[in-house]
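Below: the structure, in structure tokens.
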Amino acid sequence: MKNRLQSMEDILERNISGFHEYSLSEPVHLNYVSQNLCDMTGYTVDELLDEQKDNYALLVHPVDREAYLEFIHNLKSQEQTLTCKYRLMKKEGVFVYVSDTVTSRKLADGSMVGDSVLTDITDIINENSNLQFLNETIPCGFIRYSCQKQPKISYINRQMMALLRFPQVREGELDYLELYKEDIFLMIPMQEQHKFAKSLKQVYFSSTPVAGEMTLLRCDGTKARVFGWITKCINQEGIEEFQSICIDVTERYQAKKEEEIRQYLKALTDVYDKIFEYDFAADTVKCLYSGGSPMFRWLENVSMQMEEATNRWVAGLVIPEDRENVLQFFRKICRKERYKSREKPLQITYRSQSSDGDVKLYSGIFIKMDESVSFYCCRCLADVQEADALRDENAFLKENMQELVARFTDGVAAFELKNGFVTPLYASENVCEFFGFAEDEWLALMEKGATYEDFTAHSGTKYEDFKELLRNGEAEFAYFDLKTQTERKIKAICSQKSPGGSALRYVMLYQLDVRESAVSGEEAVKPAVSIRTFGYFDVFVGEKPIAFRNKKAKELFALLADRRGGYITSEEAISFLWEDEPVSPVTLSRYRKVALRLKNTLEEYGIPEVMETVDGKRRIVTEKVQCDLYDYLSGNEEYAQLFKGSYLNNYSWGENTLAELMGDIV
């Protein structure tokens with residue numbers, strides 16, 4: 001029987017992977033080598049052992065050698081166990097990845113030795129490299145994030161970072177990647193956050209993946225449309241986490257949206273004389289449809305500066321008695337008051353010169369297309385013959401058609417009815433689902449049409465009910481809404497048949513339950529906006545702080561708060577935001593971009609009404625915010641202790657107001 005020492009030596013020789021012992025006293029060298037290490041490297045014991053030099057260090061890959069020598073140096077400092085990963089060159093010329101775990105210990109004579117065990121991790125490294133290669137090269141964004149109420153991102157791949165357009169971090173600027181990692185909701189637009197949170201909750205409790213489209217907010221303020229999946233799994237640490245894969249479908253989504261707008265415009269041009277696109281994000285206006293007017297035809301699809309173009313049009317064509325009223329109307333539009341009422345958009349009637357030089361009565365309306373784009377549509381009401389024909393129509397057209405469109409902000413469709421055939425002209429999202437058509441079927445129907453019987457057969461609507469709609473001009477239908485998973489009602493209104501029977505007829509639809517709630521006067525409860533100026537400046541919507549993506553945009557809002565409701569001009573703002581730079585075309589352009597970013601941020605958080613812009617001047621609407629400065633200055637006893645001696649610590653220009661406040665308490 002082998003004695004105990006022989007058994008231990010056999011274990012070290014054959015079974016302890018890559019075992020060897022260092023002498024850590026200078027010069028560092030190996031004083032014991034196992035057969036296992038020789039088999040791993042291809043070198044003999046004699047080739048590895050040398051009391052004058054460290055032959056083993058020569059086997060370490062040159063790129064990794066510096067890290068390896070530092071590893072050995074650290075081992076000599078005290079008794080401890082350390083691990084280092086590096087590449088080890090074999091005698092045959094190839095290398096292996098190893099994990100080297102060394103325990104250093106002090107001998108009785110005071111010298112240090114280290115017992116080392118190597119583990120070959122080549123297969124693991126190669127597998128991870130292959131997975132990383134796939135992860136970084138597949139054309140998809142990939143993120144992993146925690147299952148917390150405010151999920152934190154633990155991993156985000158290169159494609160997702162490119163999709164979200166993370167900027168390079170510069171000294172003194174925010175690290176957006178780290179900011180987004182702390183709260184994934186920063187990449188979700190405000191209007192989609194509830195939908196995203198609901199999806200996470202569904203995935204978490206059902207453990208079933210959810211797929212669909214949604215909008216993401218990029219770091220530069222633009223939006224991306226993605227199709228993706230959310231799934232829940234257990235990570236390597238045994239902790240639950242969400243994983244998402246996203247495909248960028250922005251171009252497809254925009255193309256689809258443009259086609260929908262084109263179809264919508266096609267329907268609108270049958271009703272209105274002129275249509276203008278107001279882009280509030282770009283601060284531009286352009287004529288989309290001039291109705292053949294020689295005054296506007298040459299301007300079709302030419303973008304112009306919004307305020308300047310509108311003022312020139314009003315001054316040149318609207319009669320003097322109506323100009324101020326029209327200008328006030330457009331100022332309300334620019335303050336986003338067009339979206340305050342859910343019942344209908346703003347409308348106006350005014351007198352203006354027509355293309356033939358006559359003064360005629362016009363009616364105009366703003367129709368919201370999305371958060372930043374609206375159509376201004378107008379038509380002449382002075383054509384008595386046309387007005388009489390409209391008055392002879394049923395209630396649908398008695399509202400002068402613009403009243404009709406004003407009511408269709410939540411599900412609108414238009415159809416051409418002619419000789420027993422139905423041809424869809426336009427339908428907003430979810431309306432085609434009511435009729436039982438898939439998206440591709442609906443698009444095909446726009447090209448070729450269908451008989452009344454075939455058209456109604458797809459939906460739960462009876463053919464007799466559809467014929468009743470054509471006869472009476474109005475009807476209500478119940479249907480199951482796929483998005484809200486609820487029973488809803490939709491109302492249809494149809495224009496009357498012309499005497500000849502060959503003219504176009506229109507059917508328009510809107511969600512009845514949404515309209516009823518609007519008519520009853522219910523208003524969405526908006527979160528309270530609170531501003532903190534004492535100490536460091538911050539703004540809160542409800543209990544959530546606004547994460548300003550641009551430092552100057554935040555500073556501009558602080559400047560408006562400091563003005564306490566007074567207007568500030570572009571020149572004044574520049575003198576505070578860029579104290580060392582004069583007002584110039586460069587700084588004016590820079591300021592406009594900052595102001596636009598501030599406006600976009602306020603819109604994103606659903607509070608655009610707290611800032612007012614008139615003729616390029618801006619102010620904070622004090623009655624729509626709660627601010628510690630305003631409370632303190634109100635003189636109410638309950639706010640007397642708010643000010644503790646610090647004000648807008650972020651900004652040096654706040655010292656003037658600080659001195660005023662300090663003077664009050666001295």
Side-chain angles (χ1 to χ4, degrees), residues 150 172 174 179 182-183 185-186 190 193 335-336 340 523-570 572-579 591 594-595 597-614 617-666:
Q150 182 175 304
L174 283 175
L179 196 65
E182 287 300 309
D183 184 2
F185 281 98
L186 289 177
M190 187 68 66
Q193 288 188 3
R335 292 198 296 265
K336 296 296 181 70
K340 282 187 178 180
E523 291 291 337
V525 178
K526 296 186 71 64
V529 181
S530 57
I531 300 173
R532 181 175 64 204
T533 62
F534 294 155
Y536 287 93
F537 178 75
D538 276 301
V539 185
F540 301 84
V541 179
E543 297 181 355
K544 184 174 183 178
I546 293 181
F548 288 89
R549 293 179 176 80
N550 182 275
K551 291 193 299 183
K552 289 296 183 183
K554 183 176 182 179
E555 186 174 359
L556 173 58
F557 198 55
L559 186 59
L560 298 180
D562 182 71
R563 282 300 176 96
R564 309 170 206 175
Y567 282 104
I568 186 167
T569 65
S570 303
E572 288 176 303
I574 290 171
S575 68
F576 284 98
L577 299 179
W578 295 279
E579 296 177 336
Y591 172 70
V594 168
R597 287 172 178 167
L598 173 58
K599 183 182 75 169
N600 290 342
T601 298
L602 298 179
E603 288 178 0
E604 176 191 342
Y605 281 82
I607 55 169
E609 69 279 358
V610 303
M611 184 177 72
E612 183 179 64
T613 304
V614 177
K617 300 186 289 291
R618 292 170 176 82
R619 76 178 189 98
I620 193 169
V621 184
T622 55
E623 58 268 24
K624 295 187 181 296
V625 302
Q626 182 273 322
C627 178
D628 53 3
L629 173 64
Y630 307 160
D631 290 341
Y632 176 74
L633 294 177
S634 69
N636 290 347
E637 188 66 29
E638 60 181 308
Y639 302 127
Q641 302 302 317
L642 287 178
F643 179 59
K644 304 294 184 182
S646 62
Y647 175 77
L648 293 183
N649 294 343
N650 321 45
Y651 312 115
S652 59
W653 47 260
E655 293 176 357
N656 293 332
T657 303
L658 176 61
E660 176 187 339
L661 295 171
M662 294 296 290
D664 289 340
I665 63 175
V666 171

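Everything numeric in this text was worked out from a predicted model, so none of it was measured. Because only heavy atoms are used, hydrogens play no part in the values below, and waters and symmetry mates are left out as well, while side chains stay in. For this chain, numbers begin at 1 and follow the sequence in order.
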Sorted by chain and residue number, the side-chain hydrogen bond (donor to acceptor under 3.5 Å, both in side chains) partners of Lys544 (sequence neighbours excluded) come out as Gln193
Does Glu543 CD have over 12 foreign heavy atoms under 6.0 Å away?
-> no
Below 4.5 Å, heavy atoms only, C-beta onward: do Val529 and Tyr605 meet side chain to side chain?
-> no
Taking all heavy atoms of Val621 and all of Glu609, pick out the closest pair and write down the distance.
-> CG2-O, 3.4 Å
Is there side-chain contact between Met611 and Leu560, with at least one heavy-atom pair below 4.5 Å?
-> yes
Nearest heavy-atom neighbours spanning Asp628 and Phe534 = OD2-N, 3.1 Å
Which heavy atom in Gly542 sits nearest to a heavy atom in Ser530, and how many Å separate them?
-> O-OG, 4.5 Å
Tyr630 side chain to Ala561 backbone, donor-acceptor under 3.5 Å = yes
Contacts of Asn550 that satisfy side chain to side chain contact (heavy atoms under 4.5 Å, CB included) - sequence neighbours left out = Lys552, Ala553, Val594, Arg597
Decide side-chain contact (heavy atoms from CB on, under 4.5 Å) for Phe548 and Val539; before the verdict, give the C-alpha distance in whole Å, the side-chain angles of both, and the deciding distance to 0.1 Å.
-> CA-CA 9 Å; Phe548 288 89; Val539 185; 4.1 Å; yes
With sequence neighbours excluded, residues passing salt bridge (Lys or Arg N to Asp or Glu O under 4.0 Å) with Glu182 | Lys152
Please name all residues satisfying side chain to side chain contact (heavy atoms under 4.5 Å, CB included) with Asp538, sequence neighbours left out, ordered by chain then number.
-> Arg532, Phe540, Lys554
Can you sort out the partners of Asn600 under side chain to side chain contact (heavy atoms under 4.5 Å, CB included), two or more places apart, ordered by chain and number?
-> Leu596, Glu603
According to the salt bridge (Lys or Arg N to Asp or Glu O under 4.0 Å) rule, which pairs have a member within residues 635-654, sequence neighbours left out?
-> none
Ring pair (Phe, Tyr, Trp, His ring centres under 6.0 Å) partners for Phe185, two or more places apart | Phe196
Does Asn650 have any side-chain hydrogen bond (donor to acceptor under 3.5 Å, both in side chains) partners at least two apart in sequence or in another chain, and if so, which?
-> none
Can you see which heavy atom on Leu186 is nearest to which on Ala547, and at what distance?
-> CD2-CB, 3.5 Å
Does Glu612 come within less than 4.0 Å of Arg619, counting only side-chain N to carboxylate O?
-> yes
Could you please spell out the steps behind the side-chain contact (heavy atoms from CB on, under 4.5 Å) verdict for Ile546 and Ile607?
-> CA-CA 11 Å; Ile546 293 181; Ile607 55 169; 3.9 Å; yes
For the pair Trp578 and Tyr591, name the ring-plane relationship: parallel under 30°, tilted 30 to 60°, perpendicular over 60°.
-> perpendicular
Reported OG-to-CG distance for the pair Ser634 and Leu629, which is rounded to 0.5 angstrom = 10.0 Å
Contacts of Thr657 meeting side-chain hydrogen bond (donor to acceptor under 3.5 Å, both in side chains) (sequence neighbours excluded), chain-then-number -> Asp562
With sequence neighbours left out, what residues match Leu658 under side chain to side chain contact (heavy atoms under 4.5 Å, CB included)?
-> Phe643, Tyr647, Met662
Would you check if Phe557 and Thr601 make a side-chain contact, meaning some heavy-atom pair closer than 4.5 Å?
-> no
Minimal heavy-atom distance between Thr613 and Arg618, with the atoms involved, is OG1-CG, 3.5 Å
Residues forming a salt bridge (Lys or Arg N to Asp or Glu O under 4.0 Å) with Arg563, sequence neighbours excluded | Glu572
Heavy-atom closest pair, residues Tyr632 and Ala640 | CE1-O, 3.5 Å
Report the C-alpha separation of Ile531 and Phe537 in whole Å, then their side-chain angles, then the decisive distance to 0.1 Å, and conclude whether the side-chain contact (heavy atoms from CB on, under 4.5 Å) test is met.
-> CA-CA 8 Å; Ile531 300 173; Phe537 178 75; 3.5 Å; yes
Output, in order, the C-alpha distance, side-chain angles, deciding distance and verdict of side-chain contact (heavy atoms from CB on, under 4.5 Å) for Ile568 and Lys617.
-> CA-CA 6 Å; Ile568 186 167; Lys617 300 186 289 291; over 6 Å; no
